[in-house]
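Shown next, in structure tokens, is the structure this report addresses.
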Protein chains: 4
Amino acid sequence: MGSFKGHALPGTFFYVTGIWWTLKAVLKYACKRHKRTSYLGSKALFHRVDIVEGIILVCMALTGMLGEQFITGGPYLSLYDYKKGQWVQLLGWHHTTMYFFFGLVGVADILCSTISSIPASLSKLTLSNALLVEAFIFYNHTHGREILDIFVHQLLVLVIIVTGLLAFLEFLIRHNVILELLRISFILLQGSWFWQIGFVLYPPSGGPAWDLTDHENIMFLTICLCWHYAFSFIIIGIIYAFVIWLVKSRLNSFCPSEVGLLKNVEREQESEEEM
Amino acid sequence: MGSFKGHALPGTFFYVTGIWWTLKAVLKYACKRHKRTSYLGSKALFHRVDIVEGIILVCMALTGMLGEQFITGGPYLSLYDYKKGQWVQLLGWHHTTMYFFFGLVGVADILCSTISSIPASLSKLTLSNALLVEAFIFYNHTHGREILDIFVHQLLVLVIIVTGLLAFLEFLIRHNVILELLRISFILLQGSWFWQIGFVLYPPSGGPAWDLTDHENIMFLTICLCWHYAFSFIIIGIIYAFVIWLVKSRLNSFCPSEVGLLKNVEREQESEEEM
Amino acid sequence: MGSFKGHALPGTFFYVTGIWWTLKAVLKYACKRHKRTSYLGSKALFHRVDIVEGIILVCMALTGMLGEQFITGGPYLSLYDYKKGQWVQLLGWHHTTMYFFFGLVGVADILCSTISSIPASLSKLTLSNALLVEAFIFYNHTHGREILDIFVHQLLVLVIIVTGLLAFLEFLIRHNVILELLRISFILLQGSWFWQIGFVLYPPSGGPAWDLTDHENIMFLTICLCWHYAFSFIIIGIIYAFVIWLVKSRLNSFCPSEVGLLKNVEREQESEEEM
Amino acid sequence: MGSFKGHALPGTFFYVTGIWWTLKAVLKYACKRHKRTSYLGSKALFHRVDIVEGIILVCMALTGMLGEQFITGGPYLSLYDYKKGQWVQLLGWHHTTMYFFFGLVGVADILCSTISSIPASLSKLTLSNALLVEAFIFYNHTHGREILDIFVHQLLVLVIIVTGLLAFLEFLIRHNVILELLRISFILLQGSWFWQIGFVLYPPSGGPAWDLTDHENIMFLTICLCWHYAFSFIIIGIIYAFVIWLVKSRLNSFCPSEVGLLKNVEREQESEEEM
């Protein structure tokens, strides 16, 4: 992880996941609004998509865990070096633990979609868990580093905690598309912030790193996080507009419905209440 | 911003906004109670008002952003001075970022009122976002200043965080007029507290500033915040009484209704449940 | 306030209020369960009781405010001594501010019970406000004192914040008798803790004060708070049992009802859901 | 408590309780899903189980309290030694207080199951109370110890606070089996973490204790907590699968029902809504 690539990789992973979740959430919402009669058909489709998603997530988590362990110079599953009397590569073990909890999200996704006796909200709960565990580990990750290094990681922890709490709120209050998109916007923010950390601590241009003790840099990174956040908002807005337009114009054959998408004020309110 | 006017301006903005929102919220509540049959008509009116409000908000945010950038001695959109190797006017960029997020609230207001496929709760969410981003930026705004300067800004951050959380609660629990008025009372508090900060740090009388290291001043400003809060409560109470009286006496022609405003105990309870 | 009496007085006030509220809450709950048909009659009675309670609260707050101001050596409404260039009796002003916000609770009680257009939840909100303002002021009350003095006041602030948050929760979730009794148990705890602070800082026996720097005292006061809490639990339990027994045996004439108090499992569940 | 056994004992207690609660919660959930008609019969059974559980809890709490007081070298109910002018065995009194509050949970369990006028949610509330009181006491328990000693206890406090808040959430939102299992997973985590603390501070092998000032140990214990948590998740998953299988295959005679456990998508959703 102590390199630009080590931060760009999880960043890309979270960004791709975020965009995929946005697509899924908006599509589900649009289908639900568009056609009410044949909704159950597409629901089965979404179930199957969830299973595939779960399998991919488990595979990625396994790859990550094995990669962290058997990378050149990695811990190779040994935890304590009894000869030297010290722990082996604890940071690598930290990452392995995080991957494991994201793997559990995949397992829960698969179980919720296949076994009927498991409540569907389990999936949201394991996601919330994985995020809060990630935040907890990151919080104890940066002892004794420079002030700017700690600051960018503190902001990361803040972002992850908020994401985890929003996922927990989704576990309690389901079927609220705005809340879901809000949580996804924080997933996107986490993804792009990983990139930002990479640029700050390990500049890929090979130039000198940022001055890790300069207070002005902290002032800049504060608003930089806000810009990343605004960017993830705009990304979601564009995807939202695109998917709604797509469902309205093209997929009329896929989701046939008599009622148009533009509803009058009364119907809108009704569907909101239901939401 | 580093002047009395720089604090009086946003203070006035928040105060005017707060009073306007109080008027709107109480009027909506009164109309809803007064006439139930023709409520949909006035609902369309409130939609149109929301669009106008959104446009005004976007214009004000744009003005603010351009003003911060192109003021004499401003950053003129340049972020980093490569010659000197330092950031340009970061505090100005902080304010620009805040204005941008309040602009997003305006955009969301317009979108929610015009496009039917967007849930109306988006508007509350962007407001909550804008406030929490503002609090986050202010929190990292006052590094290395005097103790009293930090304290008044900490109180400001506290006020803004509470406002943001209340707006988020409104996003989850809608149509609760008391909750809405509570959030607005904190908007008013923020407005008048900006004025107070101006008076403390840059006394307009031209006299000497307050002793920024005196502990007694902290003790006073603690209760001063409470007085400001009590004042905003009283302002809202007066507006509430005035609007209810106005709706009852004058607007009977505008909102015609057979049932009187004074209802018996049973009906009151019923309408509360509905609220 | 800097005396044993100054702490015993508010302690007694909160304890009496807490016991009175317990009586009222349990009586309301028992009447609601006992007789469903003629509930509206007793509801009007409870409304009248609320008005009287509000008036008493306003009178007590006014007495407290005037007492703090015009006590011998008090500030006599002067805030700043321009001659000496210092604030006058800020601690007295702190207490005046707290009384003012509790006075607002009384005003809200009266308004909610008399004017039908004001939602009843306003009363809970002002109570939550008064408590959180009290906590905020106490938090900034003990700068520069001894460690034990700060510790007992920190515990007081903790108790008040929890009470305020519970009152806010009651504002959101109404008609939950257990939640109401929980909030009242913290009011009782606050009352008895005021007495405890008095005993610790100003021993009435005239003996030497506690060693304010001893760590063992902190360890003791930690569990002491828990014992006070357990005591307030037991007090509420006794009142609960007494009132339920009283309603069942004596007040059958006052609240006539055909159905007995001991209901079968099914009815119990139903009434809980309704609650 | 200052020994390996002193930590293994409460650890075992919490672990056994957690496993028992998991069994009960899953069995209740399975019975509720499996047979809807004759649910009231098994509900009476669960009521009786609750009473037994309450009695056991009260007995254990009494044993614990008496044990702490009358152990060799214990305080023997004396609180203050007036001769030496110091407190007697405050840590023992801390534990006594904790046991007392867990005893209250037992009392509430018995009362809720026997007296119909007491709302059933009281039981959850006292559990939440007992946990938060425990967290509060542990928080003030480790003044002036080594950094690692404080760290493992801080993690314990974190776990207990989360458990207490989850129990409070259960008090507000009832009949959500996932939330209940989540709270129980934290009870299990607390149990195994007590064991971990025992191993770290008082190695049972008799070997030297861990280096209490080494930063690497903190890094390891951070992920160690996560592993304990994952383990408690897996334990609950195994019990869940086993009980569901048992109810499905064997207990068909005990809980006779026509409808199968494997329901179609629609029914699943319906039962979730109801949950």
Side-chain angles (χ1 to χ4, degrees), chain A residues 39-41 43-44 46-47 79-81 84-98 100-101 103-104 107-108 111-126 128-130 132-144 168-169 171-175, chain D residues 26 29-30 33-34 147 151 154-155 158-159 162 165-166 169 172-173 176-179 181-182 185-186 208 210-211 214-227 229-230 233-234 236-237 240-241 243-245 247-248 260-269 271-275:
Chain A
Y39 179 59
L40 281 174
K43 203 175 176 184
F46 280 118
H47 262 258
L79 185 57
Y80 194 75
D81 190 337
K84 293 186 186 167
Q86 66 185 23
W87 300 99
V88 179
Q89 297 264 5
L90 275 181
L91 292 187
W93 280 100
H94 276 202
H95 301 139
T96 307
T97 308
M98 292 183 204
F100 176 74
F101 275 88
L104 278 186
V107 171
L111 290 178
C112 286
S113 303
T114 50
I115 302 174
S116 67
S117 75
I118 294 175
S121 54
L122 180 67
S123 168
K124 297 286 177 202
L125 186 70
T126 48
S128 168
N129 254 329
L132 291 176
V133 163
E134 191 194 351
F136 172 71
I137 291 177
F138 268 123
Y139 184 77
N140 293 294
H141 203 64
T142 53
H143 286 293
F168 190 75
L169 207 60
F171 160 68
L172 297 176
I173 304 164
R174 274 172 299 165
H175 309 305
Chain D
V26 178
Y29 175 67
R33 280 175 69 91
H34 211 46
I147 182 170
F151 185 72
Q154 271 176 345
L155 292 185
L158 180 72
V159 168
V162 170
L165 291 179
L166 286 172
L169 208 59
L172 297 176
I173 304 165
N176 185 334
V177 71
I178 295 284
L179 191 61
L181 290 178
L182 179 67
S185 77
F186 274 90
W210 293 29
D211 182 355
D214 187 6
H215 230 80
E216 287 285 297
N217 283 334
I218 286 185
M219 295 288 254
F220 169 68
L221 285 167
T222 299
I223 42 173
C224 189
L225 182 74
C226 298
W227 297 348
Y229 185 46
F233 244 61
I234 290 164
I236 286 181
Y240 187 93
V243 170
I244 292 285
W245 168 81
V247 169
K248 201 180 154 191
L261 195 65
L262 284 167
K263 299 173 308 179
N264 55 24
V265 172
E266 246 172 303
R267 270 208 54 211
E268 176 197 355
Q269 188 176 17
S271 68
E272 236 173 67
E273 235 77 283
E274 165 210 320
M275 182 191 71

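Because the structure is predicted, anything quoted here is derived from the model rather than measured. Protein chains get the first letters and strands the later ones, always in sequence-line order, with residue 1 at the start of each.
Between D/Phe220 and D/Trp227, the ring planes lie perpendicular to each other; the angle is over 60°, past the 30° to 60° tilted range. Ring geometry for A/Phe168 against A/Phe171 counts as tilted: the plane angle lies between 30° and 60°, on a 0 to 90° scale.
For chain D, the nearby part of A/Phe100 is the side chain; its heavy atoms alone come within less than 4.5 Å. Looking at D/Leu221, neither its backbone nor its side chain comes within 4.5 Å of chain A, counting heavy atoms on both sides. Contact of A/Phe136 with chain D is made through backbone and side chain together, with heavy-atom distances under 4.5 Å.
Taking the side chain as every heavy atom from C-beta outward, A/Gln89 and A/His95 never approach each other to under 4.5 Å.
With a 6.0 Å radius and a threshold of 12 heavy atoms from other residues, nucleotides or ligands, D/Ile147 has its CD1 atom at or below the threshold.
Of all non-hydrogen atoms in D/Leu181 and D/Ile236, the two that sit nearest each other are O-CD1, 3.6 Å.
Contact count versus chain D (heavy atoms, under 4.5 Å) is highest, among A/Leu172, A/Thr96, A/Leu125, for A/Leu125. Your options are A/His94, A/Met98, A/Gln86, and the one with the most heavy-atom pairs under 4.5 Å with chain D is A/His94. Options A/Asn129, A/Leu111, A/Leu122, A/Leu91 differ in how many heavy-atom pairs under 4.5 Å they form with chain D, and the most are formed by A/Asn129.
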